[in-house]
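Read the structure below first, then the notes.
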Amino acid sequence: MFKYKCLNPIAACGLNFFTDQYVKAEENEAADAILVRSAKMHDMEFDADLKAIARAGAGVNNIPLDKCAEQGIVVFNTPGANANGVKELFIFSAIAAVRDVMGGVAWTKSEAGNPDIADLTEKEKKKFVGHEILGKTLGVIGLGAIGIKVANVAVDLGMKVIGYDPFLSDAAKAALNGLVATTDNLDDIAAAADLITIHVPAMASTNGMINAGFIEKMKDGVIVINLARDTLVNEADMAAALEAGKVAKYVCDFPTAGASQMKNTILIPHLGASTEESEDNCAIMAVQEIMDFLENGNIKNSVNYPAADLGAVVGTRVTVAHKASLSGADIQDMLKPFGAVVSGMVSKTRGDYAYSMFDISGCCCSCSSELEDKLKADGILKVRVISK
């Protein structure tokens, strides 16, 4: 029996995937897995029984990834599950930035009840004249699940598109419309783009990547769209660029006190993934990731451990979260004294951490705690025995 906790409301269509092997833990009970959306977890203490955390969404800046990795807790996210919702918000953002439809709507509301509104409309509408995105150049920073969809739909809207992603995979290249140009030089985006949209994760290397130095290389009157994370943009530098007119409009899905005081800014209250479809997709993917991990030890879409898959468990499987200083072969040697015969194995590393799985027979240890006690060694973080 597995226990899970939800730190935020998780769509029922996802939780319904849990079988009768799963029960919801009481507030003070230890859980095998946690499902979360936006709840801040950095100050939480994690029970020794916690094996996994699944974020129903893409961003994981609310989760202490290194702390979890050090305790052998695998953290998952749900890349692509909300991609269509963000793509559609990009379409709105781009059009709202080049055409002052929102200003026009606000004016219309201000004239509510005025019997002369129809005549006034013809006089006032010239104040809201804008531009079209057809033929404009869009720079897409980050070509992950969301960035690819944004780039492709921009082509469909008649834009010229150039994308930047230093980690672009062959699969991502294949998913891109053939009309999307790519570059491994971020300055190419700044020089070419009339609109720039950001779709990268928030991490130390991307913090404040849109700053005064980068903005200076942009075209005058550029539009910047940020539907990823507020920390990607240096607020003081953006405020100065807006004030000077270097940036014509800044669209951001993450309102902050600083951004709320900037001129020529459209602030959206974090609606990128706020569609019923996105929430359902994220919940379903998160639950399925948790179930495959708890029942089979497989890892897919983790942000702190490598992907690893041995299929469904038949017999006995040992999984080990460990430091990359140990190899899978090292751990296999540790299992030999217990009579374990290995019939299948996978071992992967990611940065400082690694994950190994062994399908075994003949082991004299029958449970995780017993084997974990006997496998005490520097670098071994968490051991599980899964039997079916």
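Quick caveat, the model's predicted, so the values are computed rather than measured. When reading the values below, keep in mind they use all heavy atoms of this one structure, side chains included, and skip hydrogens, waters and symmetry mates. The first residue of the sequence shown is numbered 1, and numbering continues consecutively from there.
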- When you measure from the centre of the six-membered ring of Phe46, is the NZ or CZ of Lys67 under 6.0 Å away and within 45° of the axis?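 Relative to the ring axis of Phe46, which defines the angle, Lys67 lies inside both limits.
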
Is it possible for you to say whether [X] and [Y] belong to one hydrophobic cluster, with membership spreading through side-chain heavy-atom contacts below 4.5 Å?
X: Met238; Y: Val251; result: no
X: Ile91; Y: Leu271; result: yes
X: Tyr4; Y: Val23; result: no
X: Val224; Y: Val98; result: no
X: Ile360; Y: Leu310; result: no

Can [X] and [Y] be counted as having a side-chain donor-acceptor contact under 3.5 angstrom?
X: Asp119; Y: Thr121; answer: no
X: Arg229; Y: Asn61; answer: yes
X: Lys149; Y: Asn152; answer: no
X: Ser278; Y: Asn281; answer: no
X: Thr256; Y: Glu235; answer: yes
X: Asp292; Y: Gln288; answer: no

- Query: Can Glu70 and Lys323 be counted as an ion pair, charged N to O under 4.0 angstrom?
  - Reply: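 Counted as a salt bridge, because a side-chain N and a carboxylate O are separated by less than 4.0 Å.
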
- Message: Ring centres under 6.0 Å, that's the criterion: do Phe18 and Phe2 meet it?
- Response: no

Under a 4.5 Å cut-off applied to non-hydrogen side-chain atoms, are [X] and [Y] in contact?
X: Ile141; Y: Ile196; answer: yes
X: Phe76; Y: Val303; answer: no
X: Lys5; Y: Leu35; answer: no
X: Val247; Y: Ile223; answer: no
X: Ile162; Y: Asp188; answer: yes
X: Asn301; Y: Met285; answer: yes
X: Leu143; Y: Tyr164; answer: no
X: Lys246; Y: Ile215; answer: yes

Around atom [atom1] of [X], are there more than 12 heavy atoms from other residues, nucleotides or ligands closer than 6.0 Å?
X: Arg99; atom1: CZ; result: no
X: Asp184; atom1: CG; result: no
X: Glu26; atom1: CD; result: no
X: Asp378; atom1: CG; result: no
X: Glu29; atom1: CD; result: yes

Is the backbone N or O of [Y] less than 3.5 Å from a side-chain atom of [X], with the two atoms forming a donor-acceptor pair by type?
X: Asn234; Y: Asp237; value: yes
X: Asn77; Y: Arg55; value: no
X: Gln261; Y: Ala257; value: yes
X: Lys217; Y: Leu186; value: no
X: Asn62; Y: Arg37; value: yes
X: Asp253; Y: Gly272; value: yes
X: Asn16; Y: Ala12; value: yes
X: Thr319; Y: Met357; value: no
X: Asn298; Y: Gly311; value: yes
X: Lys382; Y: Ala48; value: yes

Closest heavy-atom pair and its distance - [X], [Y]:
X: Val318; Y: Val320; answer: CG1-CG2, 4.0 Å
X: Asp359; Y: Arg317; answer: OD1-NE, 2.6 Å
X: Gly163; Y: Ile189; answer: C-CD1, 4.1 Å
X: Gly351; Y: Ala324; answer: O-CB, 3.6 Å
X: Ile73; Y: Leu50; answer: CG1-O, 3.5 Å
X: Ala354; Y: Thr349; answer: CB-CG2, 3.7 Å

- Task: Decide yes or no on salt bridge (Lys or Arg N to Asp or Glu O under 4.0 Å) for Asp194 and Lys219, but give the supporting numbers first.
- Result: CA-CA 7 Å; Asp194 302 301; Lys219 289 183 176 182; 3.1 Å; yes

- Task: Evaluate the side chain to side chain contact (heavy atoms under 4.5 Å, CB included) criterion for residues Glu279 and Asn82: first the C-alpha distance (whole Å), next the side-chain angles of each, then the deciding distance (0.1 Å), finally the verdict.
- Result: CA-CA 7 Å; Glu279 292 181 8; Asn82 61 4; over 6 Å; no

- If you round to the nearest 0.5 Å, how far is CD1 of Ile268 from CG of Leu89?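 Reported value, rounded in 0.5 Å steps: 4.5 Å.
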
- Message: Could you walk me through whether Tyr353 and Leu381 satisfy the side chain to side chain contact (heavy atoms under 4.5 Å, CB included) test, starting with their C-alpha distance in whole Å, then the side-chain angles of each, then the deciding distance to 0.1 Å, before giving a yes or no?
- Response: CA-CA 10 Å; Tyr353 297 93; Leu381 305 172; 3.7 Å; yes

- Query: Which is it for Ile133 and Leu157 under the side chain to side chain contact (heavy atoms under 4.5 Å, CB included) test, yes or no, and what are the steps along the way?
  - Reply: CA-CA 8 Å; Ile133 59 174; Leu157 292 169; 3.9 Å; yes

- Should the ring pair Phe254 and His270 be called parallel, tilted or perpendicular, given that the plane angle runs from 0 to 90° and is split at 30 and 60?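 Because their plane-to-plane angle lies in the 30° to 60° range, the rings of Phe254 and His270 count as tilted.
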
- Item | Verdict with supporting geometry, Lys160 and Leu138, side chain to side chain contact (heavy atoms under 4.5 Å, CB included) | CA-CA 6 Å; Lys160 300 171 185 176; Leu138 174 71; over 6 Å; no

- Task: Could you give me the CA-CA distance, side-chain angles and deciding distance for Tyr250 and Asn226, then say whether side-chain hydrogen bond (donor to acceptor under 3.5 Å, both in side chains) is met?
- Result: CA-CA 8 Å; Tyr250 177 49; Asn226 178 11; 3.2 Å; yes

- Please step through salt bridge (Lys or Arg N to Asp or Glu O under 4.0 Å) for the pair Lys3 and Asp32, ending with a clear verdict. CA-CA 5 Å; Lys3 293 183 179 181; Asp32 297 288; over 6 Å; no

- Residue of the set Leu195, Val150, Ile95 for which side-chain contact (heavy atoms from CB on, under 4.5 Å) holds with Phe90: Val150

